[in-house]
Amino acid sequence: MLGIQKILDIFKVDENEVELNRERFSALVKQIPLMYGILLVNMITLVYPHVGSAPDYLTIYIPAVLSIIFIMRAVGYLRTTLTEVSDQEIVKKLSGTIRLSVVLSFVFILWSFELFYYSNDLMLVHIIFFLYITLFACVFCLLHIIQSAIYLTFIIIVPSFLYLMAQEHIVFKAMAINSLLVSTGIIFLLTNHYKNFTGLVRQKSMLVEQRKKLNQFNVENIRLANMDMLTSLPNRRNFFAQLNALTKSYEGHPNKRLVVGLLDLDGFKRINDIFGHPTGDDLLIKTSERLASVLGEDITLARLGGDEFGIIITKDKDLKNVMAIGEQLCEAMRADFRLRDGTMQIAATVGFVEFPTMADNPQQLFERADYALCYSKQHSKGKPVIFSTEHETIIREVAIIEQQLHEADLDKELSIVFQPIVDIQNQKVMGFEALARWNNPTLGNVRPDLFIRSAEQMGTISKFTVILLRKALKLACEWPTDLYMSFNLSTYDLASPETILNLVSIIEKSDFPSKNIVFEVTETAVMHDMERAIEALRLLKLQGAQVALDDFGTGYSSLSYVQRMPLDRLKIDRSFINEIDTDNDTKNIVRSIIDLCNNLNLYCIIEGVETESQLNVLAEIGGRYVQGYYFSRPMPPADAMKFLTSSLNENPKKALPEKWSAL
Ligand code: C2E
Ligand code: CA
Ligand code: CA
């Protein structure tokens, strides 16, 4: 059994050497037709002198059968297309060739021996010549299937050597020895060549493999460079690449539309600050999953960075549908999130813009979607907003404001109005809030929230603050010394040490007592850069000034901020007061804030009181310090002085608490 197996192994071709087998086969396809051609020609030239002297089966029938086999095999190989042959077929064909070469060698040697029988010495030499020359031709054609070449040599050389050695004539013996030596040399050359050949093929396939890996690596690199690692969504670069490609492909197709959306979480920074980054990451991953499930496959969702997500809607959707998608997104975000630190709630705001109607290039699409998002954050937090012509008008107006601000003579055009802050228990004016006014020769009176924001965006707000503080202090010097003056600071003022030092120097130079100055700052201003803002406020407090937290309730209203800031006062935003006499919940919230201030030893000022009914509710829940149209709108300095001498201040019902009399 073992012996048979060994014999069978001779014909075996290693299936695992896929590349090597393919290379061998490729060489074979080119060389085998040539080999059969040589065999055919040699066989015909051999038999021709023997026709008549040897029997027909040796000179006609056997050569005829062999010729048919040669031609068929040669044609078969000529028609082979390498790429169409599978790896398994190649293995089969190679082993088949080895088997056939052994069989044909035996046929040839037996046939030649039969011919010897009918030959004279000259013919014998011819046959031996035929055998050797054919053998060497075949061996070179079969170079790449080393087994075939070696078996062929053995099968032909060994019997012919023995036969020639048995002949008497010394020439035959010499030929025998000669053939043995040459064939040994040829086998040696063959094995060497084959070794080189296999080495080269392996090296080549290794290179191919390396290149394949490098390509895979490159593909993976490109994928990673375009993917957000945390959420596995497309990243900012990918988002803009898609947007660029899409807008370019829509050029010349005015009817094709797309919508770009920007979504931002409301209060994500707070969650990150309070619960730490792992929880923040967890929230971002869950957010991306939630958004993706609302948007589906057809809409692109990308993470642009932080808590900002980008959306591209290409399927033709009218703006009503887009609004509905936006509402679904905000709705989905309002549901509880189950995170590693427990269940949390967060809202999201989204802004959309349509291409090409409202923006016609990627940059403008992004800017306008961002504008719609910011607009929504300010006016309808937690709801979608689509960029419209109204927004375009606002942008245009802002651009005009910015242009006029550039050219304005600020010292001349800026002025101050004062709004009183009243102690309702004592019916006494405690102080005034200084509010900026800008009267421009071209634009007339511009709303302060508009020009302040423009100045902030232009980076020139500090110039305004310095001019305004100087003017406000100068005017306040005319007041009775027990009144305080509240002055608003911007985010950018707090972030600029240079501005703070300027303010300190203005305070020092002023005759108005610094302990009567209150700087009003908002939570967003402080949150921007908490450490720096706190440092700035401390510096102002060192001058004796006080600090009030403005618009409380509109920002994050986090107690941790209230505690960390060096506060003296807190101003409840007027949005609470609107409903205080009609909505019980609002009333309770305001009551809690007043209690909180009492506990933290902070003065609590209630802004935006417009009606008597609101004032009565406030008095009932313990509110004491009030600012609003009910008492007075902001007024020019001269009117403020008149207001002081009005009836309100003439009959204080009660004496001031000790803390207040210091003001
Ligand atoms: P703010 O600091 O919250 O100022 C209070 C605003 O509420 C003032 O608007 C005031 O006129 C208004 N207000 C007061 N009582 C009532 C009321 O009963 N009902 C209603 N509806 N409104 C009331 P104003 O003067 O238009 O100022 C708007 C905002 O502009 C200010 O809000 C402040 O953020 C900013 N601002 C004004 N002056 C300055 C300034 O000198 N520097 C800085 N950085 N910002 C300023
Ligand atoms: Ca204020
Ligand atoms: Ca305010």
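Being a predicted model, the structure only gives us computed values, none of them experimental. Note: hydrogens, waters and symmetry copies are ignored here, and every other heavy atom, side chains too, is used.
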Minimum-distance pair of heavy atoms, taken over all atoms of Leu405 and Ala455: CD1-N, 3.9 Å

Over 12 non-hydrogen atoms of neighbours within 6.0 angstrom of NE2 in His379: yes

Stepwise side-chain contact (heavy atoms from CB on, under 4.5 Å) check, Ser380 with Val385: CA-CA 8 Å; Ser380 53; Val385 164; 3.7 Å; yes

Side-chain heavy-atom pair Val617, Ile577 within 4.5 angstrom cut-off: no

Close side-chain approach of Gln546 and Tyr484, heavy atoms under 4.5 Å: no

4.5 Å side-chain heavy-atom contact, Ile395 and Val398: no

Residues Asp336 and Gln345: side-chain donor-acceptor under 3.5 angstrom: yes

Gap between atom CG of Leu263 and atom CE of Met333 - 0.5 Å precision: 6.5 Å

Pair listing, side-chain hydrogen bond (donor to acceptor under 3.5 Å, both in side chains) test, anchored in residues 487-498, at least two apart: Glu433-Asn488, Glu456-Ser490, Thr465-Asp493, Ser496-Thr499

Pair Ser514, Gln543: side-chain N/O donor-acceptor within cut-off below 3.5 Å: no

Flag side-chain contact, heavy atom, 4.5 Å: Met641 against Thr645: no

Residue pairs fulfilling salt bridge (Lys or Arg N to Asp or Glu O under 4.0 Å) with at least one residue in residues 524-550, sequence neighbours excluded: Glu531-Arg564, Lys541-Asp568

Residues which pass ring pair (Phe, Tyr, Trp, His ring centres under 6.0 Å) with Phe387, listed by chain and number, not counting sequence neighbours: Tyr371, His391

Minimum-distance pair of heavy atoms, taken over all atoms of Thr349 and Ser376: CG2-OG, 2.8 Å

Min side-chain heavy-atom separation Val422-Val609 under 4.5 Å: no

Working for side-chain contact (heavy atoms from CB on, under 4.5 Å), residues Ile325 and Val259: CA-CA 11 Å; Ile325 292 173; Val259 172; over 6 Å; no

Beyond-backbone contact of Leu469 with Phe519, side-chain heavy atoms, under 4.5 angstrom: yes

Residues that Lys471 engages under salt bridge (Lys or Arg N to Asp or Glu O under 4.0 Å), provided they are two or more places apart: none

Donor-acceptor pair, side chain of Ser510 and main chain of Ile507, under 3.5 angstrom: no

Donor-acceptor contact present, side-chain Glu413 to main-chain Asp409, <3.5 Å: yes

Sub-6.0 Å ring centroid separation between Phe631 and Phe643: no

side-chain contact (heavy atoms from CB on, under 4.5 Å) partners of Asp282, counting only residues at least two apart: Lys286, Leu339, Arg340

Heavy-atom closest contact (Asp573 atom, Glu607 atom, distance): CA-OE1, 4.0 Å

Spacing of CG belonging to Leu291 relative to CG belonging to Leu301, to within rounding of 0.5 Å: 5.5 Å

Backbone of Thr389 reached by a side-chain donor or acceptor of Thr393 within 3.5 Å: yes

Shortest non-hydrogen contact from Leu435 toward Pro634: CD1-CG, 3.6 Å

Glu367 side chain to Gln363 side chain, donor-acceptor N/O pair below 3.5 angstrom: yes

Value rounded to 0.5 Å, distance of CG in Leu570 from CD1 in Ile605: 8.0 Å

Closest heavy-atom pair and its distance - Pro384, Phe352: CB-CE1, 4.2 Å

CZ on Phe337 to CG on Leu284, rounded to 0.5 Å: 9.5 Å

N/O donor-acceptor pair under 3.5 Å between Glu331 side chain and Glu327 backbone: no

Main-chain N/O of Lys269 paired to Asp307 side chain as donor or acceptor, under 3.5 Å: no

Check: Leu540 and Val547 side chains under 4.5 Å, non-hydrogen atoms: no

CD1 on Ile621 to CG on Asn588, rounded to 0.5 Å: 8.0 Å

salt_bridge(Asp639, Lys642) N-O dist < 4.0 Å: yes

All side-chain contact (heavy atoms from CB on, under 4.5 Å) counterparts of Val446, not counting sequence neighbours: Ile401, Trp438, Leu443, Leu450, Phe451

Donor-acceptor under 3.5 Å (Asn516 side chain, Leu483 main chain): yes

Side-chain (Arg303) to main-chain (Leu230) donor-acceptor, under 3.5 angstrom: no

Which atom of Thr247 lies closest to which atom of Pro362, heavy atoms considered: OG1-CG, 3.6 Å

Derivation and outcome, side-chain contact (heavy atoms from CB on, under 4.5 Å), residues Phe552 and Phe576: CA-CA 10 Å; Phe552 186 77; Phe576 287 98; 5.8 Å; no

CG on Asp370 to CZ on Arg368, rounded to 0.5 Å: 12.5 Å

Leu243 and Phe355: CA distance, side-chain angles, deciding distance, side-chain contact (heavy atoms from CB on, under 4.5 Å) verdict: CA-CA 11 Å; Leu243 204 57; Phe355 170 92; over 6 Å; no

Minimum side-chain heavy-atom gap Tyr625-Arg569 below 4.5 Å: no

Exceeds 12 heavy-atom contacts within 6.0 angstrom, atom CD of Glu508: yes

